[in-house]
Amino acid sequence: MTRPRDERAGPTPITLRYDDGTVRIDGLEEAFVSPSSLRESVPDLERDPRTDGWRVPAFRYAALRTALLDAVTEPNRIDDRVLALDSLPALRSVYELRSYQREALETWLETDRWGENASGDDPNDLRIITAPAGVLELPTGSGKTVIALKAIERLSVPTLVVVPTIDLLEQWQRELEREFDCDIGRFGGGEQRLESITVSTYDSAYLKADSVGDRFGLVVFDEVHHLGGEGYREIARLLAAPARLGLTATFERPDDAHEIIEEIAGPLVHRVDVDELAGDHLANYDLKRLEVALASDEREAYERAQETFTTYLARSGIRMQSGSDYQELVKRSGSDPEAREALLARQRAREIMYGSAAKLEALEEILDDHREERTIVFTAHNDLAYDVSERFLMPTITHQTGTAERRELLERFRDGTYTRIATSNVLDEGVDVPDASVAVVLSGSGSEREFVQRLGRILRPKADGSRAVLYEVVSADTSEEGVSSRRRDGT
DNA sequence: ACTGACCGACAACCAGCGGACCCA
DNA sequence: TGGGTCAAGTTCTTGTCGGTCAG
């Protein structure tokens, strides 16, 4: 299928093509456009010695196009062949947005950075009237999916939706099929099928992006914080899609990789806080923190392990003030057996304070207080999850739980056969967990993201309007107090 | 069709105390 | 002078996920 060449374009137009995750630019010098002037808005413009042209990573396409339209007097001299978009039936979504959802969507739409529509005779350009790019931060349970569905409807352009887990892959596929009544493609879970609207896992998108990067006008990154990973960020770089929407409940990352996400997916443009929605669209909630003491033998073992750790630090001159100091310790442990011993001792200390006997006592009381309520108990380690399971006779889900068993347990939890469930990190993200009203964080990391996700499990509005409770059980006089305050910094 | 084993990716990982050095 | 930066050889362990392949 060839497109008619524009006769009025005069001699040698600038040609843009998609090529393996990049945009190839030919005819720049012939049109008297200086590459250095383009570099201001397209920093990674590079000469390609093999083709004697220029090249940018595909994610710069929108910026490149805008810059070129500014630099060229006659728009016709740009022959834009980057996107190869299929036609799409008119999309109609029946969802009514809530007011905060509408506000988020409109803010995102206003981030348009598409240049004026240039070569108007190309059906491929006409489809895209705007190219917004940005990230929305909204709490779990606030209906992020619905906003994305509306965004897809508004742009009505072939769209790739990228999600972290197979569970989410299936949820999105169902939603999209129901909403738009057309075939939905799928990359992931053993299937590689391209359609105008396609859902993909991050892993499959990583494998396919360079070959299908010209087929979408819009890309939606669900749980966009994953895009900060070293490998996953390539996905966004290889796609030419000028419109980008990122969704997450917790945008900022401790490693500052959100700055990279802003570059490749768009800046954070709108955020809604949990407390703005609590009581109205989400359940009201209480946070309770219980401190428990270590038993004397635990205390002794804890101090001994901590001692081993700190003595090594003192002897080796590591200051342990920031993350890089910790990295340093880890590096040394590769060659220095004493450093390794110190790290293992620290690990033992953590296991002791995370799984102390008194925590199980405290849990017993909590469970007594909430007998008939649906309760999820979270732990940091599988061992503790299994301990809880054994002592209180409640089912456990860890990553070792098979898919069939996992599905059955969640189903029974949903229908009320089980009112309690214990889990490690499995249910933090991406799994469709039935609503609960009580969450007990028996142990966990200092991650604010983990905390927010666990809190999200109890925030769906209750039918009777009752409040949800999240308990944190912390070992007193241990470094867990610091861990606990770190994770709650954002709330 | 499902399962288990394997692999790679990702994330969290954080006593406190100072000292040498560089640059504006 | 005052304030910010920061070591080297490439890195602990645990937990979780997706993709792949064999049976």
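Since the model is a prediction, treat every value here as computed from it, not as a measurement. In what follows, chains carry the letters A, B, and so on, assigned in the order in which the sequence lines appear, proteins first and then strands, with residues in each chain numbered from 1.
Note: A/His381 and A/Tyr354 have tilted aromatic rings, judged against thresholds of 30 and 60 degrees for the angle between ring planes.
B/dC14 sits 14 Å from C/dT14 when the P atoms are compared, rounded to a whole Å. C/dG15 and B/dC13: their P atoms are spaced 14 Å apart (whole Å). Between B/dA11 and C/dA8, the distance separating the two C1' atoms is 25 Å to the nearest Å. Spacing between C/dT10 and B/dG18 at atom P, rounded to whole Å, works out to 28 Å. A distance of about 15 Å separates the C1' atoms of B/dC22 and C/dA7, rounded to the whole Å.
Applying the 4.0 Å criterion to OP1 and OP2 of B/dA11, one finds that A/Ser445 has every side-chain N and O outside that range. Here A/Thr165 does not reach the OP1 or OP2 of C/dC17: none of its side-chain N or O atoms lies under 4.0 Å away.
For the pair A/Glu450 CD and B/dA11 P, the interatomic distance rounds to 14 Å; values are reported in whole Å. With rounding to whole Å, A/Leu329 atom CG is found 16 Å from C/dC6 atom C1'. Between the OH atom of A/Tyr206 and the P atom of C/dT20 there is a distance of 13 Å, given to the nearest Å. C/dG18 atom P lies 16 Å from atom CD of A/Glu191, rounded to whole Å. Taking atom CD on A/Glu223 and atom C1' on C/dC17, their separation rounds to 14 Å, with Å as the unit. Taking atom CE on A/Met353 and atom C1' on B/dC13, their separation rounds to 11 Å, with Å as the unit. Distance OH (A/Tyr312) to C1' (B/dC14): 16 Å, rounded to an integer number of Å. Atom-to-atom, CZ of A/Arg407 to C1' of B/dC2 comes out at 11 Å; the value is rounded to the nearest Å.
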Original post:
Tell me, for nucleotides 8-15 of chain C in 5' to 3' order, what letter each nucleotide earns: B for a base near a protein heavy atom under 4.0 Å, S for only sugar-phosphate near one, - for neither?
Top reply: B--BBSSS
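Counting non-hydrogen atoms under 4.0 angstrom, A/Tyr202 reaches nothing in the nucleic acid. Among the protein residues, A/Gly190 comes within range of no part of the nucleic acid, since none of its heavy atoms lies under 4.0 Å from any strand. As judged by a 4.0 angstrom heavy-atom cut-off over every strand, A/Glu230 is placed among residues touching the sugar-phosphate backbone only. Looking at heavy-atom distances under 4.0 Å, A/Gly188 makes contact with sugar-phosphate atoms alone, never a base. Across all strands shown, A/Arg348 has no heavy atoms under 4.0 Å from either base or sugar-phosphate atoms. Nucleic acid contact for A/Tyr232: sugar-phosphate only, since backbone atoms but no base atoms lie under 4.0 Å from a heavy atom of the residue. Among the heavy atoms of the strands lying under 4.0 Å from A/Gly189 are primed sugar atoms or P, OP1, OP2 only; no base atom is included. As judged by a 4.0 angstrom heavy-atom cut-off over every strand, A/Arg406 is placed among residues touching the sugar-phosphate backbone only.
Using a 4.5 Å cut-off on side-chain heavy atoms (C-beta onward), A/Arg60 and A/Arg55 make no contact. In this structure, A/Leu247 and A/Glu223 have side chains that are not in contact, with every pair of non-hydrogen atoms separated by 4.5 Å or more. Side-chain contact check for A/Val162 versus A/Leu160: some heavy-atom pair is nearer than 4.5 Å.
A/Tyr202 and A/Tyr232 have their aromatic ring centers within a separation under 6.0 angstrom.
Listed by first residue number, the stems of DNA chain C with at least three Watson-Crick or G-U pairs below 3.5 Å are B:2-12 with C:13-23, B:19-24 with C:1-6.
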Original post:
Under the side chain to side chain donor-acceptor pair (under 3.5 Å) criterion, do A/Tyr100 and A/His270 qualify, and how do the steps go?
Top reply: CA-CA 10 Å; A/Tyr100 67 87; A/His270 190 76; over 6 Å; no
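Between the side chain of A/Arg244 and the main chain of A/Ala236, a donor-acceptor pair closer than 3.5 Å is present. In this structure, the side chain of A/Glu450 engages the main chain of A/Ser445 through a donor-acceptor pair within 3.5 Å. At distances below 3.5 Å, not a single donor-acceptor pair connects side-chain atoms of A/Ser93 with backbone N or O atoms of A/Leu149. Here the side chain of A/Ser475 pairs a donor or acceptor atom with the backbone of A/Met353 at under 3.5 angstrom.
Partners of A/Glu175 according to the salt bridge (Lys or Arg N to Asp or Glu O under 4.0 Å) rule, which considers only residues two or more places apart in sequence or in another chain, are A/Arg178.
Comparing A/Thr403 and A/Tyr354 by the nucleotide of DNA chain B whose heavy atom lies nearest to each, the residue mapping closer to the 5' end is A/Thr403. Comparing A/Ala404 and A/Gly229 along DNA chain B, the residue whose closest nucleotide (by nearest heavy atom) sits nearer the 5' end is A/Ala404.
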